[in-house]
Amino acid sequence: MLRGGWQRFSSSDWGWRSAVGVLSLLISCPLWADFGRVGQLQEKGFAVSAEARLLNADAAPLASIEPMSQLSPASVTKAYLAAAALERFGPQHRFTSQLISSGRVQDGVLRGDLIFEGGGDPGLTTEDIWRLVQRLQQAGVRQVEGALVVNQWRFGPVDCITTDRCDALTRVANAYSAPLSSAGVNFGSWCANVAPASAPGNPARISLCDSQSLGATIDNRVVTKPDNSGTEISAERITNADGDVFRLSGQISTNARARDVYRGAGDAAEVTAEVLLDMLRQAGISVRDGWRLTSVRPPGDAQRLAAVDSKPLQELLLRIMNYSNNYMADVLALNLVESPQAQLREAGLALEHYAQSLPGHGPLTLYSGSGLTTENRTSAHGINVMLTEMFHESALFPSFIAAFQSPANGVMRFIRRGSDTFQHNVMLKTGTLNQPFAVRAAAGYFRTAQGRWGVFSVLVNGNASTPYLNWSQVLDPLTQDLEAMILAN
């Protein structure tokens, strides 16, 4: 076992063990150190682009299958985003959201509109909004003689270019299709807390996580069942002429724990307006004229009243990569566009520009930073070029690789498979799509038995006639192929 895979072996340690280790390996299993097992997916009609190579070596790849073939990387796209964002902003960059106004504050009264200028923070939460309100209060504001204006001039509302996000404008049963805005909060989603009633047969107790006075209406169809009856909750957000309706149905046991359910909102900036206005009220700051949205750049004479910074970029990347958060990824990608009112294709072009600056990368097409856009195309070789480039960026690489997952310790349980060699000597990012065709992709770094670094990328794409592709069909052969390469090198 190579449980110490991320620590460099000493030559003396490896020297006396190498012969025994290789002999044991040959006895237990043949050294099939290529992508022979992954390649068998081609026989089932799947397109495969794969490549593995050692770093700091000019030798040919350890293994490859159509390494230049252009396929969809799905969420492996986020590795390009992480690299481009670190190169552009640096690991410690923070995005600032602020409250500004052209009006003057006199005796606690702001004589003019209070403007929330969205700073494109991909991880802005209710906690950050509350901190912003507290700082406004500390600035002496107690009353606003005007409106709360949520300003998304940097980008928003962003046009939908995927089926999921376009359908989500009216109805959605997930959180990942949330609309995009530089002024969004809580990942552009509504959150509802579902708790059992005290007695079976009664409706469950459901409330919006941030406040009952927010603009979404709850349609509660969840019934409380006796102890240990099981909990099954389905939820969707529906937008009609009256606004967003959060419809929940199913059952929850009387002895079940309360749980939070997230669904994408109809308009991310509207959620921010509702949350911010409610928190202003709770803090005792009255707003005379309610709220409105705008995408026009704020007046040049507007002065800052309060501000809040995001987490450092390297911390944002942990959530974007580990949880494959699509909202955060696309918001971060939109920040790469310098012109106002950025759209996803422009964000994709910014990522393309970064990748094409890497010598030997080859062609690629990126329409988003999340990988939700099925038009995204790159090659296993191209991904490896990018991974290699980041390995040599000594000031950026620690923040970059930290955002990848170790199979043994990653938050995604489905990657916890294969031998200890695979689980403790690999760091990877995965990508998944099911419609309009199946995509299973994985890319990252590995350490060999001799402590050498390597990179690998595997893209598997189906089509309309291929069968359903589950992760075990890709990961199981991949773990074996990578294990053989790790032990043989």
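Everything quoted here is computed from the prediction, not taken from an experiment.
If you check the side chains of Gln152 and Ser181, you find a donor sitting under 3.5 Å from an acceptor. In the model, Thr294 has no side-chain atom that pairs as donor or acceptor with a side-chain atom of Asn151 under 3.5 Å. Using a 3.5 Å distance cut-off with no hydrogens or angles, the side chains of Ser324 and Lys78 do pair a donor with an acceptor. Ser189 and Asn186 share no side-chain donor-acceptor pair at under 3.5 Å.
For the pair Val426 and Ile486, the minimum side-chain heavy-atom distance is below 4.5 Å. Inter-residue side-chain proximity for Leu478 and Leu482 is flagged as met; some heavy-atom pair is nearer than 4.5 Å. Between Tyr323 and Val411 the shortest side-chain heavy-atom distance falls below 4.5 Å. At a threshold of 4.5 Å between non-hydrogen side-chain atoms, the residues Gln480 and Phe422 do not count as touching. Side-chain atoms of Thr217 and Asp244, non-hydrogen and from C-beta on, never get closer than 4.5 Å to each other. A heavy-atom distance below 4.5 Å is not found between the side chains of Leu71 and Thr378. Between Val194 and Leu248, some side-chain heavy-atom pair lies under the 4.5 Å cut-off. No side-chain heavy atom of Thr365 sits under 4.5 Å from any side-chain heavy atom of Asn376.
A cation-pi arrangement is absent between Arg263 and Trp190 under the rule of less than 6.0 angstrom and at most 45 degrees off the ring axis.
Using a distance-only test at 3.5 Å, with no hydrogens or angles considered, a donor-acceptor pair links the side chain of His381 to the main chain of Gly360. Here the side chain of Arg94 pairs a donor or acceptor atom with the backbone of Ser310 at under 3.5 angstrom. Asn461 places a side-chain N or O within donor-acceptor distance of the main-chain N or O of Ser72, the cut-off being under 3.5 Å. In terms of modelled atom types and a separation under 3.5 Å, the side chain of Arg377 and the main chain of Thr374 share a donor-acceptor contact. A donor-acceptor pair is defined here as one N or O able to donate and one able to accept, closer than 3.5 Å; no such pair exists between the side chain of Thr373 and the backbone of Glu375. A donor-acceptor contact shorter than 3.5 Å is absent between the side chain of Asp278 and the backbone of Glu274. Of the possible donor and acceptor atoms, one in the side chain of Thr448 sits under 3.5 Å from a partner among the backbone N and O of Arg452. In terms of modelled atom types and a separation under 3.5 Å, the side chain of Asn240 and the main chain of Gly243 share a donor-acceptor contact. The backbone N or O of Asp164 lies less than 3.5 Å from no partner atom in the side chain of Asp167, so there is not a single donor-acceptor pair. Looking only at distances, a side-chain donor or acceptor of Asn335 sits under 3.5 Å from a matching main-chain atom of Gly120.
For Glu127, the CD atom is loosely surrounded, since the number of other residues' heavy atoms within 6.0 Å does not exceed 12.
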Applying salt bridge (Lys or Arg N to Asp or Glu O under 4.0 Å) to Arg292 and Asp113, what does each step give before you reach the verdict? CA-CA 10 Å; Arg292 68 175 186 271; Asp113 292 335; 2.8 Å; yes
Quick one, Leu334 with Leu180, criterion side-chain contact (heavy atoms from CB on, under 4.5 Å). Give me CA distance, side-chain angles, the key distance, then yes/no. CA-CA 9 Å; Leu334 288 161; Leu180 305 171; 4.2 Å; yes
Taking it one step at a time, do Ser419 and Glu483 satisfy side chain to side chain donor-acceptor pair (under 3.5 Å)? CA-CA 8 Å; Ser419 68; Glu483 179 187 19; 3.1 Å; yes
message: Under the criterion side-chain contact (heavy atoms from CB on, under 4.5 Å), I'd like the reasoning laid out for Ile206 against Asn193: C-alpha separation, chi angles, the key distance, then a yes or no.
response: CA-CA 6 Å; Ile206 300 180; Asn193 182 265; over 6 Å; no
Item to complete: Before giving the answer on side chain to side chain donor-acceptor pair (under 3.5 Å), spell out for Ser249 and Ser234 the whole-Å C-alpha distance, their side-chain angles and the decisive distance to 0.1 Å.
Response: CA-CA 5 Å; Ser249 58; Ser234 61; 2.7 Å; yes
Could you walk me through whether Val271 and Val185 satisfy the side-chain contact (heavy atoms from CB on, under 4.5 Å) test, starting with their C-alpha distance in whole Å, then the side-chain angles of each, then the deciding distance to 0.1 Å, before giving a yes or no? CA-CA 7 Å; Val271 176; Val185 68; 4.0 Å; yes
Q.
As a quick check of understanding, evaluate side-chain contact (heavy atoms from CB on, under 4.5 Å) for Phe155 and Gln343, giving each step before the final call.
A. CA-CA 7 Å; Phe155 48 88; Gln343 296 294 325; over 6 Å; no
Given ring pair (Phe, Tyr, Trp, His ring centres under 6.0 Å), test Tyr176 with Phe187 step by step and report yes or no.
CA-CA 9 Å; Tyr176 69 79; Phe187 319 112; over 10 Å; no
Item to complete: Given side chain to side chain donor-acceptor pair (under 3.5 Å), test Asp121 with Ser97 step by step and report yes or no.
Response: CA-CA 7 Å; Asp121 179 359; Ser97 302; 4.9 Å; no
Exercise for review: Mind running ring pair (Phe, Tyr, Trp, His ring centres under 6.0 Å) on Tyr445 and Phe397 for me, showing each step along the way?
Suggested key: CA-CA 12 Å; Tyr445 298 89; Phe397 184 64; 5.2 Å; yes
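Across all their heavy atoms, Ala443 and Ile383 have their closest contact at CB-CG2, 3.8 Å. Here the closest heavy-atom approach between residue Ala265 and residue Pro179 is recorded as O-CD, 3.1 Å. Of all heavy-atom pairs between Leu459 and Pro73, the closest is CD2-CA, 3.9 Å. Among all heavy-atom pairs drawn from Gly369 and Leu351, the shortest one is CA-CD1, 3.7 Å. For the residue pair Asn322 and Gln405, the shortest heavy atom distance occurs at O-NE2, 3.2 Å. Contact between Gly264 and Arg237 at its shortest, heavy atoms only, is O-NE, 2.8 Å.
The pair Arg345-Asp159 fails the salt-bridge criterion, with no side-chain N (NZ, NE, NH1 or NH2) lying under 4.0 Å from an Asp/Glu carboxylate O. Ion pairing between Arg304 and Glu117 fails under the 4.0 Å rule for side-chain N and carboxylate O. Glu236 and Arg171 are joined by a salt bridge, as a carboxylate oxygen and a charged side-chain nitrogen come within less than 4.0 angstrom of each other. Salt-bridge annotation for Arg247 and Asp219: present, with a side-chain N of the basic residue lying under 4.0 Å from a carboxylate O of the acidic one. Salt-bridge formation is detected for the pair Glu51/Arg53: a Lys NZ or Arg NE/NH1/NH2 atom is positioned less than 4.0 Å from an Asp or Glu carboxylate oxygen.
Ring pair Phe89/Phe95 is perpendicular by interplanar angle, where above 60° counts as perpendicular and below 30° as parallel.
A distance below 6.0 Å separates the ring centres of Trp471 and Phe414. With ring centers used as reference points, Phe35 lies 6.0 Å or more from Phe456. Residues Tyr354 and His361 place their aromatic rings such that the two centres sit no closer than 6.0 Å. If you look at Trp453 and Phe391, their ring centroids are closer than 6.0 Å.
If you take CD on Glu389 and CG on Asn384, they are separated by 13.0 Å, rounding to the nearest 0.5 Å. Here Ser102 contributes atom OG and Gln303 contributes atom CD; the two are 8.0 Å apart, rounded to the nearest 0.5 Å. Here the straight-line distance linking atom OG of Ser379 with atom CE of Met68 works out to 5.0 Å at 0.5 Å rounding.
The side-chain contact (heavy atoms from CB on, under 4.5 Å) test with Leu293 is passed by exactly one of Val149, Leu148, Asp267: Asp267.
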